[in-house]
Protein chains: 2
Amino acid sequence: MAKESGVTARDVSRHGAGRLHASGLARLKASGLRPTRQRLELAGLLFRGCDRHVTAESLHDEVTRAGVKVSLATVYNTLHQFTEAGLLRQVVVDAGRSYFDTNVGDHQHFFLEEEGYLIDIPGETIAVSNVPAPPEGLAVDRVDVVVRVKRA
Amino acid sequence: MAKESGVTARDVSRHGAGRLHASGLARLKASGLRPTRQRLELAGLLFRGCDRHVTAESLHDEVTRAGVKVSLATVYNTLHQFTEAGLLRQVVVDAGRSYFDTNVGDHQHFFLEEEGYLIDIPGETIAVSNVPAPPEGLAVDRVDVVVRVKRA
DNA sequence: TCATAGTTTAGAATAGTTCTAAACTGTTGA
DNA sequence: TCAACAGTTTAGAACTATTCTAAACTATGA
């Protein structure tokens, strides 16, 4: 048999829950993260195409429900590593729980507090103007806009 | 001796750490909150004029350092009651810790993550335009802007 | 002054997250 | 191919911020 690279077709079919696509593996490699079973499964769920908002717990539930065993600690580690690598963006809308967004482009959010639910607002949509210069010695890192909404 | 109202001059001089001003007492009364020693002390610290940003812990430290004994649970209760009453506004900038702002008017914030430090940006300064209509069944409650800054 | 409803509190409990150290696994080089 | 090693995962402990509980306390109105 040919030399095995880190992840084989056998691995994929054996742990197929989170459809491995090129993008998951490619993203991991590009970030210098070893393509382990756990990271591939999580990447498979996160990057399967549509933009997603997850919490550590929601993602852990999801991967578990898919029949894959990944510890909650690993989910936390992975979310942070992916964020570090620029594959995810952390969204702060709730003191007490962290959300991660697979859309890392410039955009903002609607946040439905009652349900802990986020909806993307494309970056070109909202315009924030006249942001004042920050005090001496500080530089703007990012401008976050959260449109808090309620059931009408 | 004349009938004592809830809070006497004696109370004030005895527990004087947080200079009782009309505004603290008046605010409590207007909100239907009993002017207890604890609430008056906390109101005294919070509403002494300048706008302030506190966390439960920072306020608890402050009141404790002032030589006044108030439990942390009471600080939490009080911050929430004041918020409920519209005397404070809760600011979400950090998943994991809640900030409360004595400025309840329309305004936004600089947030220095490294130090957990907030700076007000007056309401008229920043303009947020083209906020899209929220999805069917939802109504905009508030638009929060957080300008995250770093030491340059 | 008394009764009562509202308030405070210590300490236990909880939620979300991070840490630890031991077991495991992907990768590399021979 | 395989040993060795660095990187990874994990269970469970630990930690932080916060909320809960139930008993003691206090402001208020009669």
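The chains referred to below are lettered A, B, ... by the order of the sequence lines, with proteins before strands, and numbering in each begins at 1.
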Are a donor atom and an acceptor atom from the side chains of B:His53 and B:Asp120 found within less than 3.5 Å of each other? yes
B:His107 side chain to B:Asp101 side chain, donor-acceptor N/O pair below 3.5 angstrom: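 Per modelled atom types, B:His107 and B:Asp101 side chains form a pair under 3.5 Å.
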What is the separation between atom [atom1] on [X] and atom [atom2] on [N], rounded to the nearest whole Å?
X: A:His60; N: C:dG16; atom1: NE2; atom2: C1'; value: 14 Å
X: A:Asp94; N: C:dT17; atom1: CG; atom2: C1'; value: 14 Å
X: A:Glu41; N: C:dT25; atom1: CD; atom2: P; value: 15 Å
X: B:Arg97; N: C:dT17; atom1: CZ; atom2: P; value: 14 Å
X: B:Leu28; N: C:dG6; atom1: CG; atom2: P; value: 16 Å
X: A:Gln90; N: C:dG16; atom1: CD; atom2: C1'; value: 12 Å
X: B:Tyr99; N: D:dA17; atom1: OH; atom2: P; value: 10 Å
X: A:Glu57; N: C:dT14; atom1: CD; atom2: C1'; value: 12 Å

Could you tell me whether A:His80 contacts a base, only the sugar-phosphate backbone, or nothing, with contacts defined as non-hydrogen atoms closer than 4.0 Å? sugar-phosphate
Classify the nucleic acid contact of A:Ser98 as base, sugar-phosphate or nothing, counting any heavy atom under 4.0 Å across all strands shown.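 The residue A:Ser98 makes sugar-phosphate contact but no base contact.
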Would you say A:Val54 and A:Leu118 are hydrophobically clustered, going by side-chain heavy atoms of ILVMFWY under 4.5 Å? no
For B:His60, what residues pass the ring pair (Phe, Tyr, Trp, His ring centres under 6.0 Å) criterion, not counting sequence neighbours?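 With neighbours one apart ignored, the set is empty.
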Which atom pairs link the protein and nucleotides 6-10 of chain D when you take only N or O atoms and keep those under 3.5 Å?
from   : atom 1 : to      : atom 2 : distance (Å)
D:dG7  : O4'    : A:Arg34 : NH2    : 3.1
D:dT8  : OP1    : A:Arg34 : N      : 3.3
D:dT8  : OP1    : A:Arg39 : NH2    : 2.2
D:dT8  : O5'    : A:Arg39 : NH2    : 3.2
D:dT9  : OP1    : A:Thr36 : OG1    : 2.5
D:dT9  : O3'    : A:Gln38 : NE2    : 2.6
D:dT10 : OP1    : A:Gln38 : NE2    : 3.3
D:dT10 : OP1    : A:Lys69 : O      : 3.4
D:dT10 : OP2    : A:Ser71 : N      : 3.0
D:dT10 : OP2    : A:Ser71 : OG     : 3.2
D:dT10 : OP2    : A:Thr74 : OG1    : 2.6

Please confirm whether the shortest side-chain N or O distance from A:Tyr76 to OP1 or OP2 of C:dT18 is below 4.0 Å. no
I'd like to know if A:Arg89 and A:Asp51 make a salt bridge, using a cut-off of under 4.0 Å between side-chain N and carboxylate O.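 No.
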Have a look at A:Leu46 and tell me which of A:Val63, A:Leu87, A:Leu59, A:Thr78 forms a side chain to side chain contact (heavy atoms under 4.5 Å, CB included) with it.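 In the set A:Val63, A:Leu87, A:Leu59, A:Thr78, the residue that makes a side chain to side chain contact (heavy atoms under 4.5 Å, CB included) with A:Leu46 is A:Leu59.
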Find the distance between NZ (B:Lys69) and CZ (B:Arg37) and round it off to the nearest 0.5 Å. 8.5 Å
